[in-house]
Amino acid sequence: MAQKIWLDGKLVDREDAKITVFDHGLLYGDGVFEGIRVYDARVFELDAHIKRLYESAKSIRLDISMSKSALAGAVSQTVEANGIAEGYVRLVVTRGEGDLGLDPFICKSSCIFIIADNIQLYPEELYEKGMKLISATTVRNHPLAIPPQAKTLNYLNNILAKIEALDNDVPEAIMYNHEGYVAEASGDNVLIVKDGVIYTPPAEAGALPGITQGIVVKLAKQENIQVVEKNLTRFDLYVADEFFLTGTAAEVIGIVEVDKRVIGDGRPGPITRLLRKKFFEYAHGKGA
Ligand code: PMP
């Protein structure tokens, strides 16, 4: 079956899903997006993703020329049209067609597209054995420059960290902010466990408030595990009992080594494994 892309109100064949080279999303990274999972043919946490998308857009003065419910409907329609049961959706809103100047208000209307695709997951072995990471030297964007809460098309900061990770033969890198505190990984949130308590950096440290993280925090609290938002240093990561990342694509993945420091006993810890299991159950509608 040919892949169908939703583009500005219509489902079109992949070959016909084209946008202009004058789109400011392409020329300047001027736009916002969401990555969303599909589990059991249901779009996961769609309302939360739509809310974050509209807030991201509002913060950059980007008008999404559709209602939230119409856009949510378009996401479901795209998933259905492609027969996706387990997959990934990319929902993108760009500033639209303009000219070669920066002026975003030249762009008459935003461009909206939705891609529903299969998901490329980390291999199962990585979840069982845990992942190794490095600290990136690339400093996270200053939170007062581009708000970390906005999921914008400006991902070069994260891509530079990802390049450092790949150059070091690991899949992810930890990014630190201008003050040296942990912000997030290049595409995931950071959580550690110390003495039975989960710690995670606040958004102000340079972290996107992750939807997966939000669910995992809720699930942890249901298990009577305390969760504290707090600035974390490199030292805190090195001496953590457990360490894991959360994200739409990665879900919950244990970290077992950072900058050659082994975390805990070198295997994903018990709280990490419990929360991965609880998240699976929740995503597949078997949990709370
Ligand atoms: N931080 C960054 C920079 C991300 O791109 C993402 C999403 N891939 C996350 C955190 C995790 O957010 P979510 O759980 O909403 O996918």
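Note that the coordinates shown come from a computational prediction; the quantities given were computed from them, not determined experimentally. Ligands are counted one by one from 1 in listed order, and the atoms in each one are counted from 1 as well.
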Any side-chain heavy atom of [X] sitting closer than 4.5 Å to one from [Y]?
X	Y	answer
Glu242	Pro270	yes
Met131	Val170	no
Asn177	Pro201	no

So is [X] polar-close to ligand 1, meaning N/O to N/O under 3.5 Å?
X	result
Arg140	no
Thr248	yes
Gly187	yes
Ile211	yes
Thr246	no
His49	no

message = Heavy atoms only: which of Ile36, Thr212, Asp188 lies closest to atom 14 (O) of ligand 1?
response =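 Result: the heavy atom closest to atom 14 (O) of ligand 1 is in Thr212.
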query = Where the closest heavy atom to atom 2 (C) of ligand 1 is concerned, which of Met175, Glu251, Glu184, Arg37 has it?
reply = Glu184
Which atoms of ligand 1 sit under 4.0 Å from any heavy atom of [X]?
X	answer
Gly210	12 (O), 13 (P), 14 (O), 15 (O)
Tyr155	2 (C), 3 (C), 4 (C), 5 (O)
Lys151	4 (C), 5 (O), 6 (C), 7 (C), 8 (N)

query = Among the clusters formed by ILVMFWY side chains lying less than 4.5 Å apart, do Val252 and Val258 turn up in the same one?
reply = no
task = Using a 4.0 Å heavy-atom threshold (strictly under), name the region of Asn158 that reaches ligand 1: side chain, backbone, both or neither.
result =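 The part of Asn158 near ligand 1 is the side chain, not the backbone.
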query = Which bit of Ser186 is near ligand 1, meaning a heavy atom under 4.0 Å away: side chain, backbone, both or neither?
reply = backbone
Can you give the donor-acceptor pairs under 3.5 Å from side chains of residues 64-73 to other protein atoms, not counting sequence neighbours?
from	atom 1	to	atom 2	distance (Å)
Ser67	OG	Ser69	OG	3.4
Ser67	OG	Ala70	N	3.1

key: ligand 1 contact by Glu34, heavy-atom criterion under 4.0 angstrom   =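 No heavy atom of Glu34 comes that close to ligand 1.
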inquiry  = Would Pro209 count as a contact residue for ligand 1, given that I'm defining contact as a non-hydrogen atom of the residue lying under 4.0 Å from a ligand atom?
reply    = no
Nearest protein heavy atom with distance in Å, relative to atom 11 (C) of ligand 1 = Asn189 OD1, 3.5 Å
Under 3.5 Å side-chain donor-acceptor pair for Gln149 and Ser59 =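 Gln149 vs Ser59: no donor-acceptor pair found between side chains.
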ask   = Just by distance, do the side chain of Glu128 and the backbone of Arg267 share a donor-acceptor pair under 3.5 Å?
value =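 No, Glu128 side chain to Arg267 backbone: no donor-acceptor pair under 3.5 Å.
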query = Hey, would you say the Tyr181 and Tyr199 ring centroids sit under 6.0 Å apart?
reply =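 No: the rings miss the under 6.0 Å criterion.
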task = Check whether the ring centres of Tyr155 and Phe33 lie less than 6.0 Å apart, and answer yes or no.
result = yes
request  = Sort out for me which residue in Phe244, Tyr122, Phe243 forms a side chain to side chain contact (heavy atoms under 4.5 Å, CB included) with Ile253.
outcome  =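 Single pass found, and it is Tyr122.
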